[in-house]
Amino acid sequence: PYVNTKDILEKANKEYYAVAAFNINNLEFLQAIVEGGIEKKSPLIIETSEGAMKYAGMGDPLRGASLFVKMVREFADSLDIPIALHLDHGKNFKYIISAIKAGYSSVMIDASDKPLEENIKTTKDIVRIAHAAGVSVEAELGKLAGIEDNVASAESVLVNPDEAKYFVEETQVDFLAPAIGTSHGAFKFKGEAKLDFDRLKKVKELTKMPLVLHGASSVVQEMVEIAENYGADFGGSKGVPSDILKETVRLGINKVNTDTDLRMAFVAGLREFLQNNPKEFDPRKYMETAKTYVKKVVSDRLELLGSANKA
Ligand SMILES: O=C(COP(=O)(O)O)NO
Ligand code: NA
Ligand SMILES: [Zn+2]
């Protein structure tokens, strides 16, 4: 069934597991993710950036939003696993309202680059509108480094746990993304991977609410090797190691945003197939390996986060 993101995350919060939020831009990624969710009997959060809405709607965000709602609802209404659709990194009022109007389960208002009081004011405005429409809201405190889908910030600013408590009380957001040292994309750490578990623990103690980890891709080595075998150059790529990711779940992360890992799996499969099948031009054939690899990464992640068999 098509459900509200809040329902999925409240259950995860109570039972201390996490649900992956996978970014999509097209049908094939959605198919592969849904297949993984069916195999693992896991709830799924599908999320789209504002860029994805523009891309799908060929420049018209409302058309893009309603296209994604229709696609996701069709799958959700026909399956036993709970599926929600979330607007990731909403920054532009027009896009956020388009997502709410189109029927998204939840929206993120990302005003994390603003001073605290401004972040609170902007977030309160969105919460009022979204809650009136039965839509749940995510916000971010602190800033991630890294670039992805024009979500960029020069340096990462770690969350201040006391500020987080004040922020959620003032804004009444449904789930919060505390910045604890991750960043978007495939190049997350110069040296060894390190996240600020202490801050995470404090934010959980002070807010007791569902928490979100952005920039949570692991950069799966198996996929990097396949892609590089067929001409990719992912040198220097490094993600969040699985053991560190598991620790964040143990400490109270309940939504784990995953985009880069699926992108790398898809392109690895695409490169491999095209290199080995020079005569093929049927899109249902030449994207098969790509979808299989995405499904594999999805299934493994659902298992790792503890949402398998929680549908
Ligand atoms: O935070 C993310 C995805 O992060 P990754 O680049 O690590 O997949 N989306 O909002
Ligand atoms: Na998000
Ligand atoms: Zn993010």
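Just follow the structure's listing: the first ligand is 1, and inside any ligand the first atom is 1.
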Quiz item: Parallel, tilted or perpendicular: which describes the rings of His89 and His184, with under 30° parallel and over 60° perpendicular?
Solution: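 Perpendicular, since the angle between the ring planes exceeds 60°.
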
Quiz item: Which heavy-atom pair separates Leu245 from Val240 by the least distance, and what is that distance?
Solution: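 Answer, listing the atom of Leu245 first, then Val240: N-CG1, 4.0 Å.
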
Quiz item: If every non-hydrogen atom of Val107 is compared with every non-hydrogen atom of Ala130, which pair is closest and at what distance?
Solution: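 In this case the closest contact between Val107 and Ala130 is CG2-CB, 4.5 Å.
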
Quiz item: With respect to Asn13, which candidate in Lys6, Lys208, Lys204 satisfies the side-chain hydrogen bond (donor to acceptor under 3.5 Å, both in side chains) definition?
Solution: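 Exactly one option meets the side-chain hydrogen bond (donor to acceptor under 3.5 Å, both in side chains) with Asn13, and it is Lys204.
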
Quiz item: Are Thr48 and Asn25 close enough, and set up right, to give a side-chain contact (heavy atoms from CB on, under 4.5 Å), and what steps lead you there?
Solution: CA-CA 7 Å; Thr48 68; Asn25 294 282; over 6 Å; no

Identify, by atom number and element, the atoms of ligand 1 in contact range of [X], meaning under 4.0 Å from any of its heavy atoms.
X      : value
His89  : 10 (O)
Asp88  : 9 (N), 10 (O)
Asn23  : 9 (N)
His214 : 1 (O), 10 (O)
Thr258 : 8 (O)

Quiz item: How about Phe266 and Phe29: are their ring centroids closer than 6.0 Å?
Solution: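 So the answer is yes for these two rings.
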
Practice problem: Calculate the angle formed at the Zn ion (ligand 3) by ND1 in His214 and NE2 in His89; 10° precision is enough. | Solution: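 My answer is 90°, to the nearest 10°.
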
Indicate, as side chain, backbone, both or neither, the part of [X] found under 4.0 angstrom from ligand 1 when only non-hydrogen atoms are considered.
X      : result
Thr182 : neither
Thr260 : both
Ala21  : neither

Exercise. Working to the nearest 0.5 Å, report the span between CD1 of Ile38 and CG of Asp80.
Key: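 Ile38 atom CD1 to Asp80 atom CG measures 9.0 Å (nearest 0.5 Å).
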
Quiz item: Quick one: NZ on Lys41 to OG on Ser307, what's the gap to the nearest 0.5 Å?
Solution: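 If we round to the nearest 0.5 Å, Lys41:NZ and Ser307:OG are 12.5 Å apart.
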
Exercise. Please state whether the separation between the Na ion (ligand 2) and some N/O/S atom of Asp88 is under 3.0 Å?
Key: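 So Asp88 counts as coordinating the Na ion (ligand 2), yes.
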
Exercise. Please determine if the Na ion (ligand 2) has an N/O/S atom from His214 lying under 3.0 Å away.
Key: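 Checking the Na ion (ligand 2) against His214, no N, O or S atom falls under 3.0 Å.
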
Exercise. Please confirm whether His184 comes within less than 3.5 Å of ligand 1 when only nitrogen or oxygen atoms on both sides are compared.
Key: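 Yes - when backbone and side-chain N and O of His184 are compared with those of ligand 1, one distance drops under 3.5 Å.
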
Quiz item: Has Lys188 got any heavy atom lying under 4.0 angstrom from an atom of ligand 1?
Solution: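 Yes.
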
Quiz item: On the ring face of Phe273, is Lys279 found with NZ or CZ under 6.0 Å from the centre and within 45° of the axis?
Solution: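 No - Lys279 does not lie over the ring of Phe273 by the 6.0 Å and 45° rule.
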
